[in-house]
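Down below is the structure, laid out as structure tokens.
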Amino acid sequence: MTSPSPVLHRAQALLATGRAEQALTELSTLPASEITGSYAMQVRCAALSQLDRWPEVGEAARAGLAANGPDPDLLLWLGRAEHEAGRDENAERALLDGLALAPEDVDLLCAYAELCAANGQLDKAGRLVDLAAARAPQAPVVYATRIQVAHARGDDREAQRISREFVGVHPANPVAHALLGGTSAARGQIDTAYEGFRQAAAARPTEQVFAESAMELKVARHPLMVPLRPVLRFGALKTWLAAVALIFVLRAVGLPVLAGLLGFAWLAFCIYSWVVPPLVRRRVMRGWR
């Protein structure tokens, strides 16, 4: 087997720094005899996935399979693309075909675990990620999938614990910091969440979602947003239902004055939540770097 060409090495290096468009430009310089090679198509799929161009990922994976025959890495990309398109039966078929060729492939096991978790098959997802962890316990994809499965189970505490472990093992990995940011936000820990996304954005400035998340969390941690922390932690609907339920309970037990005062306080809180966040966001964005 010949080693990848310098063009493919350069494209892969560009991908590692989040410059997917430049990687695709680099791939376009490959000679016709190499452009549909298995490795070239894998790099193309990876670049397109970074740009969220999943229909093209599927097309590239199919073209690579047609040119090169069954290939576990291309079947992995096809499975991911089919899942993104909402065709989970096709995604499962592609992933199972890949696992038939490479039953111990960690990426395939994790991708199948993610598919199962997305469809509520949490026990199966857990077994699959355990198999992957037994083969590569410190692989970034294993950490990311363990976090996803924990989140699907509703165990935000465990998801955050795994995220912290991920950052400890891979401190330079921007995805690790972003996942810590996301799991911390889910638990209402705004400062930790902001720091996670801030570090992710600093490590990979081309990833817009990291910067946007960091900016929103910078808004959320502003002192004027402290009264709104319950909404950020539990969501607007749950907070609203809790407040209305408490008002009705107070009326039902014979405390109409207290219920009325709580009602006025809730109205003031609602007005505050409508007026203050846009003002804070404008102020933060003016100073955003």
Side-chain angles (χ1 to χ4, degrees), residues 12-20 46 49-50 52 73 76 80 102 104-118 122-222 225 229 232-234 288-289:
Q12 194 170 39
L14 289 166
L15 271 183
T17 57
R19 292 178 286 179
S49 73
Q50 281 193 11
D52 286 327
D73 294 311
L76 168 66
R80 287 173 171 167
E104 297 188 355
D105 186 281
V106 170
D107 289 319
L108 281 164
L109 287 168
C110 287
Y112 194 19
E114 291 174 9
L115 179 66
C116 291
L122 299 180
D123 289 340
K124 186 175 181 181
R127 290 194 297 272
L128 287 163
V129 78
D130 286 345
L131 286 173
R135 288 158 177 76
Q138 295 187 336
V141 68
V142 172
Y143 277 116
T145 308
R146 287 173 61 203
I147 292 164
Q148 184 171 336
V149 172
H151 182 70
R153 286 174 171 156
D155 194 345
D156 291 337
R157 183 184 296 274
E158 176 67 4
Q160 187 186 44
R161 186 195 67 76
I162 298 168
S163 299
R164 291 187 188 279
E165 184 181 334
F166 189 4
V167 169
V169 175
H170 298 281
N173 190 314
V175 174
H177 289 285
L179 286 171
L180 179 57
T183 56
S184 298
R187 300 196 63 208
Q189 297 175 5
I190 303 301
D191 291 340
T192 305
Y194 168 71
E195 186 60 25
F197 278 111
R198 187 193 67 78
Q199 291 197 42
R204 188 175 290 175
T206 57
E207 192 72 42
Q208 187 175 357
V209 69
F210 293 167
E212 290 175 352
S213 298
M215 192 277 289
E216 288 301 321
L217 286 161
K218 188 174 178 66
V219 171
R221 67 200 294 262
H222 192 278
M225 296 291 286
R229 289 288 175 89
L232 297 172
R233 172 66 179 89
F234 301 106
W288 181 251
R289 295 291 182 269

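Hydrogens, waters and symmetry mates play no part in the numbers below; they use all other heavy atoms, side chains included.
Within a 6.0 Å sphere centred on CZ of R135, heavy atoms belonging to other residues, nucleotides or ligands number more than 12.
Summarising the geometry, atom CG belonging to L217 is positioned 9.5 Å from atom CG belonging to D191; distances are rounded to the nearest 0.5 Å. Rounded to the nearest 0.5 angstrom, M215 CE and Y194 OH are separated by 11.0 Å. The distance from the CZ atom of R80 to the CD atom of E114 is 6.5 Å, given to the nearest 0.5 Å. To the nearest 0.5 Å, atoms CD (Q148) and CZ (R153) are separated by 12.0 Å. Separation of atoms CG (L115) and NZ (K124) is listed at 8.5 Å; rounding is to 0.5 Å. F197 contributes atom CZ, which lies 8.0 Å from atom CG of L179 (distance to the nearest 0.5 angstrom).
The side chain to side chain contact (heavy atoms under 4.5 Å, CB included) test with F166 is passed by exactly one of L180, I147, V142: I147. When each of E165, Q189, H151 is paired with Q160, the side chain to side chain contact (heavy atoms under 4.5 Å, CB included) condition holds for Q189 and for no other.
Between Y143 and H170, the angle of the ring planes goes over 60°, which puts this pair in the perpendicular group of the 30/60° scheme.
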> R161 and D155: side chain to side chain contact (heavy atoms under 4.5 Å, CB included), yes or no, with the steps?
Replying inline: CA-CA 10 Å; R161 186 195 67 76; D155 194 345; over 6 Å; no
>> Is there a side chain to side chain contact (heavy atoms under 4.5 Å, CB included) between D156 and T183? Walk through the geometry before answering.
In response: CA-CA 7 Å; D156 291 337; T183 56; over 6 Å; no
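Here the closest heavy-atom approach between residue R204 and residue A16 is recorded as NH2-O, 4.1 Å. The two residues L128 and C116 have their closest heavy-atom pair at CD1-SG, 3.9 Å. A193 approaches A185 most closely through the heavy-atom pair CB-N, 3.6 Å. The two residues A125 and A113 have their closest heavy-atom pair at CB-O, 3.3 Å. The shortest non-hydrogen separation linking A111 to L76 is CB-CD1, 3.5 Å. Heavy atoms only, all atoms of each residue included: E158 and A150 are closest at CG-CB, 4.1 Å.
Put simply, the side chain of H177 gets close to the backbone of P171: a donor and an acceptor are under 3.5 Å apart.
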